[in-house]
Amino acid sequence: MYYLLEFIRKYHYVLLFLLLEGVSFVLLFRFNSYQGSVWFSSANNVVAEVNGVYSEAASYVGLRDINRRLTDDNVKLQMENEQLREALRKATHEPSYTEQYVREHLEGYELIPAVVVSNNVGQGNHYLVIDCGSDKGVKPEMGVVSGGGVVGIVYLVGPNYSLVIPLTNEKSSISCRIRGQNYFGYLQWEGKNLLHAYVDDIPRYAKVQKGDIVETSGYSSVFPPGIFVGRITDIHNSGDGQSYKLDVTLGTDLACLRDVNVIATPYKAEIDTLRSHASEAEVALGQ
């Protein structure tokens with residue numbers, strides 16, 4: 001209170017001047033029509049300018065929310081558009097002979113559909129990630145196929161995703177045979193072309209020729225017999241000269257792979273149990 005009284009005492013002349021100025025302006029604009037109209041117009045213009053600035057500021061602030069909603073709507077439209085394109089592609093797709101052959105040989109097996117969501121093609125040892133995991137029944141060592149034939153084997157499994165070791169991985173080794181013959185070997189990849197692999201240890205007396213089909217042998221619990229793998233493109237002598245080494249062009253182009261199926265072999269557990277017992281018996285006999 002003391003400081004307020006001191007302030008008024010110190011500046012009472014200025015405050016009195018401002019008060020009288022205010023009273024004079026009120027009297028001027030109140031009782032003179034011309035000056036009143038000028039004041040009214042000027043005041044309206046100022047208010048209009050202030051309202052305009054406020055409206056623009058509010059609109060600018062609101063643009064962030066509008067932009068976010070537009071972005072969300074755009075993403076949803078793109079996803080719906082992609083789903084429609086995919087549905088149209090599947091509806092108009094004519095299955096090839098290989099696709100029909102694979103489907104026929106997989107009748108009676110449970111197929112778990114999946115989509116490749118990660119593909120590290122061209123980055124050393126190749127692997128795939130599919131959008132299917134243990135929640136949908138996928139387990140390690142299950143085979144994976146596509147419309148073009150064999151893709152690879154499930155290696156690691158999570159609740160929603162699985163990692164697949166494809167044919168184009170140096171760790172891959174799949175038992176294969178020549179269609180129409182009982183000669184078999186193991187398909188392996190040399191780490192170069194994604195469309196080429198080889199089958200080694202085919203006996204020299206086997207009657208093989210270029211163009212013959214290489215398919216799964218069925219000698220493992222991963223793949224049923226007869227699933228297309230590729231075609232023989234060249235025949236060489238193996239390193240020891242005792243067998244053939246077959247160059248194979250793969251039926252599945254892993255560089256542009258999307259839709260796959262995981263094979264749930266119905267008797268895999270039983271076969272694995274028998275093999276485990278056989279291994280234990282061999283160890284016991286060896287002792």
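Just so it is clear, the structure is predicted and the values come from calculations on it, not from any experiment.
Not one N or O on the side chain of Glu215 forms a donor-acceptor pair closer than 3.5 Å with the backbone of Cys176. Asn120 places a side-chain N or O within donor-acceptor distance of the main-chain N or O of Tyr127, the cut-off being under 3.5 Å. A side-chain donor-acceptor contact under 3.5 Å links Asp212 to the backbone of Gln209. At least one donor-acceptor pair closer than 3.5 Å links the side chain of Thr216 to the backbone N or O of Gly226. In terms of modelled atom types and a separation under 3.5 Å, the side chain of Asn169 and the main chain of His126 share a donor-acceptor contact. Looking only at distances, no side-chain donor or acceptor of Thr249 sits under 3.5 Å from a matching main-chain atom of Thr233.
Applying side chain to side chain contact (heavy atoms under 4.5 Å, CB included) to Val262 and the options Val151, Val157, Ile153, Ile130 leaves one that passes, Ile130. Looking at Arg204, Lys245, Gln242 one by one, the single match for side-chain hydrogen bond (donor to acceptor under 3.5 Å, both in side chains) with Asn237 turns out to be Arg204.
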- Apply side chain to side chain donor-acceptor pair (under 3.5 Å) to the pair Asp247 and His236, showing each step before the final yes or no. CA-CA 8 Å; Asp247 290 341; His236 309 278; 2.7 Å; yes
- Item | Step-by-step side chain to side chain donor-acceptor pair (under 3.5 Å) determination, Gln188 to Tyr198 | CA-CA 6 Å; Gln188 295 179 312; Tyr198 69 92; 3.1 Å; yes
- Could you check Tyr186 against Asp200 for side chain to side chain contact (heavy atoms under 4.5 Å, CB included), going step by step and ending with a plain yes or no? CA-CA 6 Å; Tyr186 289 91; Asp200 216 343; over 6 Å; no
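Hydrophobic clustering (side-chain heavy atoms under 4.5 Å, transitive across Ile, Leu, Val, Met, Phe, Trp, Tyr) keeps Val115 apart from Leu111.
The closest side-chain heavy-atom distance from Val154 to Val144 is below 4.5 Å.
Proximity of the aromatic rings of Tyr183 and Tyr205 is defined here by a centroid distance below 6.0 angstrom, and this criterion is met.
In this view, Thr252 and Ser146 satisfy the side-chain hydrogen bond (donor to acceptor under 3.5 Å, both in side chains) rule, not counting sequence neighbours.
Atom CH2 in Trp189 sits 10.5 Å away from atom OG in Ser172 (nearest 0.5 Å). In this structure, OG1 on Thr168 lies 7.5 Å from CG on Leu250, to the nearest 0.5 angstrom. To the nearest 0.5 angstrom, Ile232 atom CD1 is 11.0 Å from Tyr244 atom OH.
By the 4.0 Å N-to-carboxylate-O rule, Lys136 lies too far from Glu110 to be salt-bridged with it.
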